[in-house]
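Notes follow once the structure below has been shown.
Excluded from the calculations below are hydrogen atoms, water molecules and symmetry mates; all remaining heavy atoms, backbone and side chain alike, are included. Labels below follow one simple rule: chain letters A, B, ... track the order of the sequence lines, proteins then strands, and each chain is numbered from 1.
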Protein chains: 2
Amino acid sequence: MVIDVLLKPKEIRETELKSRVAVVLDVLRATSSIVTALANGCRAVIPAKTISEARKIERCLKNGTYHRKNDFFHDENIPDIFGKDILLGGERGGERVPGFSHGNSPLEYGKEAVADKVLVLTTTNGTKAIRLAAKEAPALFIGSLLNARAAARKIWLLQKDTAVICAGTDGNFSLEDSLAAGVLIKEILQLAQGKLPQGKRDEHPRYTLPEIKDGPGRVHLSDLAAAVYRLALWYGDNLLQAFYDSRHGQKLLQLGFEADLHHCARINLYDLAPVYRQGIIYLP
Amino acid sequence: MVIDVLLKPKEIRETELKSRVAVVLDVLRATSSIVTALANGCRAVIPAKTISEARKIERCLKNGTYHRKNDFFHDENIPDIFGKDILLGGERGGERVPGFSHGNSPLEYGKEAVADKVLVLTTTNGTKAIRLAAKEAPALFIGSLLNARAAARKIWLLQKDTAVICAGTDGNFSLEDSLAAGVLIKEILQLAQGKLPQGKRDEHPRYTLPEIKDGPGRVHLSDLAAAVYRLALWYGDNLLQAFYDSRHGQKLLQLGFEADLHHCARINLYDLAPVYRQGIIYLP
């Protein structure tokens, strides 16, 4: 299996994804919020591209006219989302959309707030990237640092070529998402090797990193996948540092979301790999 | 000054470079070969986009009909390249172009081979990226690991916004060029701080990496610049490892160019910063 990384949503359109598994990452904060909400008992998250689309989805869910999107899969296990309480969440410029009950902070999505409810969410980068990727990729997972290992396990079990998609910030590269891509790849390599790769520097290298021969399968990393993997090794356990290093992390700090950064940096807090099918993100 | 990184030549067209200093990196092997040739007394290197253009430049130089390209600068210091012996160098698919006297190995460009001669060079990625960047950027330097510190000093002295351009491999991201971009940025930060940044991981980070406040100027890193800088910190002194990790490095190994990898990984071997002006790369 070949693992590649897409650094910006724009690359989704430019890349052949029809035969690949995709994972979308927007660790500050959309995919972290989605994972947190589902971990706390939210039935499903419906990602909307725009504020008006989010309002429309809420309306249609309430009056029973909501229709699922077509998808590659026909999946009878998609949770029933009708007749449930609906939360409207999202941000623009990092701050809660006026009139919405919730913003994009994962800390707003605790058990009391979300259990057995349906969340309609729209964010600047993350939900758009999810929708864009869903149009192209036959299987789409939601990843974050919070559920890196669980997402890695799904990918490893599928043994298909995989695209790790970074939502980025305002269409540009973001340090935090590429770091998360590296962490995800680190977890996949760990599964492939049956152990944590040391990543120890060898003074006389005579081997190639991208191919791992001693696992049940083989993992080939693209150069970009290898680069973000090395980046993850540099940050090691101190993933919070990457958030402080990043432009978007700094912006969130200025907006007063320091606690969000600390939450989003908690690696492997949740053992779940949400999937996107027919317009809905849920736990299969 | 803001430092950003371009990962692929395609981004040169998509990026505003008119007000920025640019450095082009193709460490395996074009810019390493150019720097090596100039260090060994080559008067000038003329980068050609195609094989036929390279042959035409050689012909025009020989019969005196060669014309310099227009450029932002009018520079009377450009070395006289007429009446000199001409070398025709270049590769396609990593191997010497049939009929050319030289390939793209820096080890072919020793003193005996190049002293006081003019080299016309065409390569798959590097010379094309240089020509593309030269159309957009007002000041263009040639960088590699071999001359990272000297190139960093030029950039630091100019105190302008800077684009570090990775030539990549066949239009795609390459690990070795992004690593070299990180090494270059590491050297610039060192100059800005008056010391080598520790890059030590802080368990309780409360600072932002991209802004450095204690130097004579301020260096702001984009997220991508910060990422490749962290990548360079991971590889540390073992830059050769990145070549072994990379697809293109592996290809060159298969082609028998292991000695080239060792040469190109020698950081700060040469104290010179070649500039591109009016179609010619030389030492100002």
Please check if atom CZ in A/Arg92 has more than 12 non-hydrogen atoms from other residues, nucleotides or ligands closer than 6.0 Å.
-> yes
Among A/Ala232, A/Ala242, A/Ala227, which has the most heavy-atom pairs under 4.5 Å with chain B?
->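 That would be A/Ala227.
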Chain A contacts, top residue of B/Leu224, B/Leu231, B/Val5 (heavy-atom pairs, under 4.5 Å) |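 Highest number of heavy-atom pairs under 4.5 Å: B/Leu224.
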Among side-chain atoms of [X] and [Y], is any donor-acceptor pair under 3.5 angstrom?
X        : Y        : value
A/Thr123 : A/Asn104 : no
B/Asp260 : B/Ser105 : yes
B/Thr36  : B/His263 : yes

Side chain, backbone, both or neither of A/Leu7 within contact of chain B (heavy atoms, under 4.5 Å) =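 For A/Leu7, the contact with chain B is made by the side chain alone.
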Apply the side chain to side chain contact (heavy atoms under 4.5 Å, CB included) test between A/Val23 and each candidate in A/Leu140, A/Leu184, A/Ile3; give the one that qualifies.
-> A/Leu184
Aromatic rings B/His262 and B/Tyr244: how do their planes relate, parallel, tilted or perpendicular, breaks at 30° and 60°?
-> perpendicular
Checking heavy-atom separations under 4.5 Å from chain A, one finds in residues 160-173 of chain B B/Phe173
Tell me, please, which residues at least two apart from B/Glu14 pass side-chain contact (heavy atoms from CB on, under 4.5 Å).
-> A/Lys10, B/Lys10, B/Glu11
